[in-house]
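Everything below concerns the one structure shown next.
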Amino acid sequence: MDNNKKVTIGAIVATDYRTADVFRKYGIDFCCNGNRSIDDACKEGNLDATLIENDLQALTVSGGSQESAIDFKSWPLDLLADYIEKKHHRYVATQIPVLQAYLLKITSVHGGRHPELQEIKELFDGSAEELTANMKKEEMLLFPFIRKMVTTKHDNLSSLEAPFGTVQNPIRMMMHEHDTEGVRFRKIAALTNNYQVPADGCNTYLVTYKLLKEFEEDLHLHIHLENNILFPKAIEMEQALMQ
């Protein structure tokens, strides 16, 4: 992992997803802000780049989870789009009503002593609405076009005209919306003290924070797969088909 300090964080994680745990450890956003180098992120966060580099180097001799070892960069784009839609989009759609019910309950019971719960609930409700709209646009417009590009390339068909001018237009919109969700969940993490349940929290409180944390972690991988792998490769494919 030589010269990692100059390579973008998104590219590092795209090459080896195990590195995401290192960046999480230091509070570095690798999905929405993955276009920064380690040096830049450390300057912004007043962090020691050498410590991060040492942890990244240690990964070369350590194992990792089955999912973290998957080489998503090698996947065909249509397969990656299918995976994102069936795994991450379905997870988001399933968990949103569950979390909204839990947040409503603990806000009703504990909101008097913990007024931050109301803001957390409002932030998550906003995220639920925006993520649902974001995923629908991807499933109805962007992902079908990516699949058509793959078919066009595979079957040596004539060049494919994008209904939105260029694939970069919806991608730019999706990445902007991803940035918004990144900011929103950083606020949620801060308000929950990184999902630490207060001493007077009940079991429902505990479950809610656990599910919120899991939701954020899944969202990080979800956005990473799109921002750092699917979208750049889709842009490259479109440019190759236009030649």
Side-chain angles (χ1 to χ4, degrees), residues 1-20 23 28-41 56 67-89 92 130-183 218-243:
M1 293 188 183
D2 295 335
N3 300 319
N4 269 341
K5 294 178 184 178
K6 301 300 181 184
V7 179
T8 66
I9 293 167
I12 294 170
V13 178
T15 300
D16 185 349
Y17 190 70
R18 295 177 305 162
T19 59
F23 294 119
I28 296 175
D29 181 359
F30 62 86
C31 52
C32 296
N33 290 321
N35 59 342
R36 300 172 296 166
S37 68
I38 291 177
D39 277 348
D40 289 341
L56 292 174
E67 185 172 38
S68 67
I70 297 174
D71 181 15
F72 290 108
K73 286 181 68 178
S74 69
W75 285 21
L77 290 193
D78 51 350
L79 176 61
L80 183 55
D82 289 346
Y83 177 85
I84 292 169
E85 186 172 328
K86 290 179 171 60
K87 185 177 190 300
H88 295 290
H89 285 198
V92 170
E130 294 298 326
L131 281 172
T132 299
N134 174 280
M135 294 188 304
K136 186 174 182 180
K137 283 180 283 190
E138 289 180 344
E139 292 172 12
M140 295 184 69
L141 296 172
L142 180 56
F143 287 6
F145 182 74
I146 289 174
R147 295 184 184 106
K148 286 181 181 179
M149 285 200 300
V150 173
T151 300
T152 298
K153 179 180 179 182
H154 182 267
D155 296 341
N156 292 316
L157 302 176
S158 58
S159 60
L160 182 64
E161 184 175 344
F164 26 68
T166 168
V167 75
Q168 295 185 51
N169 289 328
I171 283 175
R172 192 178 299 113
M173 180 187 298
M174 296 304 103
M175 293 186 69
H176 174 72
E177 293 173 359
H178 291 169
D179 288 346
T180 299
E181 296 315 310
V183 171
D218 182 85
L219 190 62
H220 283 170
L221 175 54
H222 176 177
I223 292 175
H224 160 68
L225 291 176
E226 293 185 355
N227 281 16
N228 298 326
I229 302 179
L230 183 68
F231 294 168
K233 285 183 172 292
I235 292 171
E236 289 177 6
M237 180 172 288
E238 182 186 54
Q239 291 172 343
L241 289 171
M242 292 172 63
Q243 293 178 354

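Pairing each heavy atom of Gly34 with each of Thr8, the nearest pair is O-CB, 3.5 Å. Residues Ser74 and Asp71 share a closest heavy-atom pair of OG-O, 2.8 Å. Closest approach of His224 to Cys31, counting heavy atoms only: N-CB, 3.7 Å. Across all their heavy atoms, Ile9 and Ser37 have their closest contact at CD1-O, 3.8 Å.
Counting only heavy atoms from C-beta outward, the side chains of His89 and Phe143 approach each other to under 4.5 Å. Counting heavy atoms from C-beta outward, Met237 and Thr152 have side chains that stay 4.5 Å or more apart. Residues Ile12 and Ile38 form a side-chain contact, since some pair of their non-hydrogen atoms from C-beta on lies under 4.5 Å apart. When side chains are defined from C-beta on, Phe23 does not count as touching His220, because their heavy atoms never get closer than 4.5 Å.
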Inset, instruction - Please test Asp218 against His222 for side-chain hydrogen bond (donor to acceptor under 3.5 Å, both in side chains), starting from the C-alpha separation and ending with a verdict. - result: CA-CA 6 Å; Asp218 182 85; His222 176 177; 4.8 Å; no

Legend entry - Chi angles and distances behind the side-chain hydrogen bond (donor to acceptor under 3.5 Å, both in side chains) call for Glu226, His88: CA-CA 11 Å; Glu226 293 185 355; His88 295 290; over 6 Å; no

Legend entry - side-chain hydrogen bond (donor to acceptor under 3.5 Å, both in side chains) evaluation trace for Asp16 with Thr19: CA-CA 6 Å; Asp16 185 349; Thr19 59; 5.5 Å; no

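In this structure, His178 and Phe231 have parallel ring planes: the angle between them is below the 30° cut-off, well short of the 60° mark.
Taking the side chain to side chain donor-acceptor pair (under 3.5 Å) definition, one finds that Asn35 meets it with nothing, sequence neighbours left out. By the side chain to side chain donor-acceptor pair (under 3.5 Å) test, Lys153 pairs with no residue at all, sequence neighbours left out.
Distance check: Thr151 OG1 to Ile146 CD1 gives 12.0 Å after rounding to the nearest 0.5 Å. Interatomic distance, OH of Tyr83 versus CZ of Phe72, reported as 4.0 Å (0.5 Å rounding). The distance from atom CG of Leu141 to atom CE of Met174, rounded to the nearest 0.5 Å, is 8.0 Å. Note: Glu177 CD to Glu138 CD = 8.0 Å, rounded to the nearest 0.5 Å. Atom CD1 of residue Ile171 and atom CE of residue Met173 lie 12.0 Å apart, to the nearest 0.5 angstrom. For the atom pair CG (Leu80) and CD1 (Ile229), the distance works out to 6.5 Å, reported to the nearest 0.5 Å.
Leu142 pairs in a side chain to side chain contact (heavy atoms under 4.5 Å, CB included) with only one of the listed residues (Val167, Leu230, Asn134), which is Val167. With Glu139 as the fixed residue, the side chain to side chain contact (heavy atoms under 4.5 Å, CB included) test singles out one of Lys137, Lys136, Met135: Met135.
A donor-acceptor pair is defined here as one N or O able to donate and one able to accept, closer than 3.5 Å; no such pair exists between the side chain of Asp78 and the backbone of Val150.
Salt-bridge formation is not detected for the pair Arg36/Asp29: no Lys NZ or Arg NE/NH1/NH2 atom is positioned less than 4.0 Å from an Asp or Glu carboxylate oxygen.
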